[in-house]
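Heads up, the thing below is written out as structure tokens.
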Amino acid sequence: MSEGKTAVSGGKAATTRRYLMCRPTYFDVTYSINPWMEPGKPSSAQVGVEQWKRLHDTFVTLGHDVQLIEPVAGLPDMVFAANGATVVDGKVLVARFRHEQRADEAQEYLDWFRSRGWSEVEQARYVNEGEGDFLCAGDVLLAGSGFRSDVRAHDEAREFFGREVVSLMLVNPRFYHLDTALSVLGDGEVMYYPEAFSASSRAVLAERFPDAVLAEPEDAEVFGLNALSDGRRVFMPRQAARLADRLRERGYEPVGVDLSELLKAGGSVKCCTLELRD
Ligand code: ARG
């Protein structure tokens with residue numbers, strides 16, 4: 001598939017995407033900033049790299065344009081590129097991390113974007129963990145808070161991007177970023193795990209997305225919602241088998257990928273992938 005071309009199947013059209021990824025050369029679980037991270041348990045950068053490479057190669061084989069940011073020793077979570085920024089309409093709002101263990105990643109992203117000619121690049125003033133908590137759903141930005149991004153970052157994003165921002169409150173620490181509990185599919189469709197959200201946010205989601213695919217706990221627990229779509233395919237953890245069935249019924253093509261090693265740090269497919277939107 002070449003640039004700009006679409007592939008259609010079952011009514012769903014894929015478009016070529018640009019993604020930014022970071023090889024997990026220095027992946028490790030040396031601290032714990034979410035309930036998935038257990039520093040005492042063995043984890044392997046080598047297995048992490050092998051699994052990550054399969055995701056990377058899958059994107060490339062399917063025609064997507066993948067760019068890379070250099071990993072940095074001492075920043076073991078840098079593989080989770082989704083947290084580095086939010087990029088919409090060519091504007092780049094770089095993260096401000098909640099935890100000091102990840103704070104230095106922000107400068108890497110500022111430098112990466114500035115040195116590659118992106119002209120509107122700013123670092124967020126308030127805690128903002130990039131696409132971990134900000135998801136583009138059509139014209140609207142869905143924004144998570146509760147564990148990581150500050151709710152004031154939602155207003156800041158509204159100003160910066162000039163887009164409507166819908167605030168959603170996360171309540172379950174195992175689903176601490178919005179992209180662990182909700183995924184944007186295509187055509188204004190989403191899938192999410194209702195139990196991860198406060199009652200009022202569930203009501204907002206039900207009203208906005210009455211036809212959403214709702215995940216069962218089994219699929220949410222293997223990070224099935226940590227997925228991303230090119231409009232037709234849905235790249236997602238392979239372990240989320242019934243969620244994949246639901247997506248097939250809707251005409252999507254699930255592409256299962258095993259990132260079980262990276263799940264030891266509380267991340268999977270979407271966490272590894274930052275979408276660059278011109
Ligand atoms: N260990 C990382 C953290 O806790 C995982 C980040 C996962 N990224 C994501 N987009 N959900 O910050």
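In each ligand, atom 1 is the first atom listed, and ligand 1 is the first ligand listed. Atom set for the values below is all heavy atoms of this structure, side chains included, hydrogens, waters and symmetry mates excluded. The first residue in the sequence is number 1, and the count goes up from there.
The aromatic rings of Trp36 and Phe175 sit perpendicular to each other, their planes meeting at more than 60°, with 30° as the lower class boundary. Using the six-membered ring where Trp is involved, Phe223 and Tyr176 have ring planes that are tilted, between 30° and 60° apart.
In this structure, Lys270 NZ and Met236 CE are separated by 14.5 Å, a value rounded to the nearest 0.5 Å.
Partners of Arg202 by side chain to side chain contact (heavy atoms under 4.5 Å, CB included), not counting sequence neighbours, listed by chain and number: Pro194, Phe197, Ala199.
Between Tyr31 and Asp77, the side chains place a donor N or O and an acceptor N or O closer than 3.5 Å (distance only, hydrogens not considered).
For the pair Arg23 and Trp52, the cation-pi criterion (under 6.0 Å, within 45° of the ring axis) is not fulfilled.
If you look at ligand 1, the protein residues with a non-hydrogen atom under 4.0 Å away are Ile33, Asn34, Met37, Asp77, Phe80, Ala82, Asn83, Arg102, Gly132, Arg148, Tyr176, His177, Asp179, Thr180, Ala265, Gly266, Cys271.
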